[in-house]
Asker: 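If you scroll down you'll find the structure; I have some questions about it.
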Amino acid sequence: MGRDKHALVTGLFLIVFVVGITSIIYWIGHFERERNIYVISTLESVSGLNPESTVFYRGIAVGKVTKILFDPNDTGIILVPIEVDKDIIFTKGVFATLRLKGVTGLTQIQLEDSGTLPAVLEPGDDPLSRIPLMPSMTDKLMSSGEEILHKADHLMVRLSSLLNAENEKNIGDILGNLSALTDKLSDLRKSVDKALAGIPALTTDSQKTLSHINALTQDLQRLTGDVQKLSVKAGNLVNTGETASDLLIQSTLPKVNKLLTELQSTAQQVKRAATMLDNNPQALLLGPDHRNSGPGEPGYKEPE
């Protein structure tokens, strides 16, 4: 009996020692890393996700997946409880996506925060506090793959109908026309270069022409000044002519009329003297004959 009792004590001691060592190791491993439990929920597939998969928050490892199970109340929902470092604070705008780990086919949890809901998300398994699992870019591509293939097939059919023999000929003609147009543009560019080369000479001629025009303008200005002076002189001459005309009418013409009258009287007297000398030459020596004037003669008087 002594030996059996000693063996039993030894076995109990070993069991207690192993449990103690295990507890100490577990306690030491979690001494500085207290964690909160959050639950991710999704209706989609979580292929490649396993317990102990790493959880990243904005690219930094912050926890791990503890297990994967179906919601007891709704088997269409998959629940993924995760452990996250206690010093990580999430808001209600946080969401999860699946991220492939290299080419192994395994996936990891990637947490992001939209920033639209600043309220703090409390840890726990409350249905209102669950983190939604959103489809990643890969999932979106996979889900839309069939549609993309259908569109690609439709595009290939359209391209095949577009590249028939007639259209190929038309495309060849278009390319030929483009080549001819390119040659014409090259010739046009050369012509433009030649025209641009003649522009400096044309500019020089234009400057000379402008110089002549400026000189002509100055001459016209001087001529205009002379014409203005001539107009002033012509005006003065007109005024002088008007004054002379007034003087001629008012003074000179009456005197001329008087002179003409006197000349007419003198001419009559000379005519009478010539007539007298023609009829009686002796009168030049003896003087005029003092005879009585007859009727109609000058000096005739009626008898009383």
Side-chain angles (χ1 to χ4, degrees), residues 1-115 117-139 142-143:
M1 291 295 295
R3 292 182 178 180
D4 295 337
K5 185 177 180 180
H6 180 72
L8 179 61
V9 172
T10 302
L12 291 176
F13 175 77
L14 290 174
I15 293 172
V16 172
F17 179 77
V18 171
V19 171
I21 292 298
T22 304
S23 300
I24 291 172
I25 293 174
Y26 180 81
W27 179 76
I28 291 175
H30 294 78
F31 178 73
E32 295 181 354
R33 300 187 64 184
E34 297 182 0
R35 294 185 171 183
N36 292 327
I37 301 297
Y38 294 91
V39 178
I40 299 173
S41 64
T42 179
L43 296 173
E44 304 295 333
S45 173
V46 290
S47 299
L49 187 64
N50 296 313
E52 301 298 326
S53 295
T54 307
V55 176
F56 292 88
Y57 177 56
R58 300 170 68 178
I60 300 175
V62 295
K64 65 179 181 178
V65 175
T66 59
K67 56 183 176 180
I68 302 172
L69 69 159
F70 289 100
D71 188 349
N73 300 321
D74 187 354
T75 56
I77 299 175
I78 298 176
L79 302 180
V80 182
I82 59 174
E83 289 182 350
V84 178
D85 295 343
K86 194 171 185 179
D87 55 350
I88 303 299
I89 305 299
F90 296 131
T91 68
K92 291 186 177 181
V94 70
F95 62 93
T97 58
L98 295 179
R99 185 176 70 173
L100 286 174
K101 183 179 179 181
V103 294
T104 61
L106 300 178
T107 57
Q108 299 170 333
I109 298 293
Q110 175 70 40
L111 298 177
E112 297 291 344
D113 196 335
S114 63
L117 299 173
V120 176
L121 180 66
E122 297 295 336
D125 192 16
D126 186 357
L128 298 178
S129 300
R130 291 176 179 174
I131 300 174
L133 181 65
M134 308 297 291
S136 63
M137 184 62 66
T138 304
D139 296 333
M142 293 298 292
S143 61

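Index from 1, following the sequence.
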Asker: Roughly how far apart are Thr97 OG1 and Leu133 CG, rounded to 0.5 Å?
Answerer: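 Taking OG1 in Thr97 and CG in Leu133, the distance rounds to 7.5 Å.
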Asker: For the residue pair Val55 and Val65, establish whether any side-chain heavy-atom pair is separated by less than 4.5 Å.
Answerer: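 Heavy-atom side-chain distance check passes, below 4.5 Å.
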Asker: Can you confirm whether the side chains of Gln110 and Gln108 place a donor and an acceptor under 3.5 Å from each other?
Answerer: no
Asker: Strictly distance-based, threshold 3.5 Å: is any side-chain N or O of Thr107 a donor or acceptor partner for the main-chain N or O of Leu98?
Answerer: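 Not at all, since once roles are kept as given, no pair shorter than 3.5 Å links the two residues.
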Asker: Is the closest side-chain heavy-atom distance between Leu49 and Ile109 below 4.5 Å?
Answerer: yes
Asker: Can you tell me how far apart CD1 (Ile88) and OH (Tyr38) are? Round to the nearest 0.5 Å.
Answerer: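 Between atom CD1 of Ile88 and atom OH of Tyr38 there are 9.0 Å.
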Asker: Can you tell me how far the OG1 atom of Thr54 sits from the CD1 atom of Ile60, to the nearest 0.5 Å?
Answerer: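 Taking OG1 in Thr54 and CD1 in Ile60, the distance rounds to 13.5 Å.
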Asker: Donor-acceptor pair, Asp85 side chain versus Asp87 backbone, under 3.5 Å?
Answerer: no
Asker: Between Glu52 and Lys64, does a side chain to side chain contact (heavy atoms under 4.5 Å, CB included) hold up when you go through it step by step?
Answerer: CA-CA 5 Å; Glu52 301 298 326; Lys64 65 179 181 178; 3.1 Å; yes
Asker: Could you report the tightest heavy-atom contact between Val39 and Gly124, atom names first, then the distance?
Answerer: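 The pair with the smallest heavy-atom distance is CG2-O, 3.9 Å.
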Asker: Output the distance between atom CE (Met134) and atom OG (Ser114), rounded to the nearest 0.5 Å.
Answerer: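 With rounding to 0.5 Å, CE (Met134) is 9.0 Å from OG (Ser114).
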Asker: When you compare the side chain of Pro123 with that of Ile37, does any pair of heavy atoms fall below 4.5 Å?
Answerer: no
Asker: Let me confirm one number: the CD1-CZ distance from Ile77 to Phe70, rounded to the nearest 0.5 Å.
Answerer: 11.5 Å
Asker: Any non-hydrogen side-chain atom of Ile131 less than 4.5 Å from a side-chain atom of Leu121?
Answerer: yes
Asker: Holding to side-chain hydrogen bond (donor to acceptor under 3.5 Å, both in side chains), I want the full list of residues that pass it with Asp71, two or more places apart in sequence or in another chain.
Answerer: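 side-chain hydrogen bond (donor to acceptor under 3.5 Å, both in side chains) list for Asp71, sorted by chain: Arg130.
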Asker: Donor-acceptor check, side chain of Thr42 to backbone of Ile78, threshold 3.5 angstrom: yes or no?
Answerer: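 Judged by distance alone, no pair lies under 3.5 Å.
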Asker: So, taking the atom named OG in Ser53 and the one named CD1 in Ile68, what distance separates them when rounded to the nearest 0.5 Å?
Answerer: 6.5 Å
Asker: Can you name the residues that form a salt bridge (Lys or Arg N to Asp or Glu O under 4.0 Å) with Lys67, not counting sequence neighbours?
Answerer: none
Asker: Quick one: are Val84 and Val62 in side-chain contact, heavy atoms under 4.5 Å?
Answerer: yes
Asker: Decide yes or no on side chain to side chain contact (heavy atoms under 4.5 Å, CB included) for Leu111 and Phe90, but give the supporting numbers first.
Answerer: CA-CA 10 Å; Leu111 298 177; Phe90 296 131; 3.5 Å; yes
Asker: So do the side chains of Thr66 and Glu83 get within less than 4.5 Å of each other, counting heavy atoms only?
Answerer: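 Answer yes - side chains close enough.
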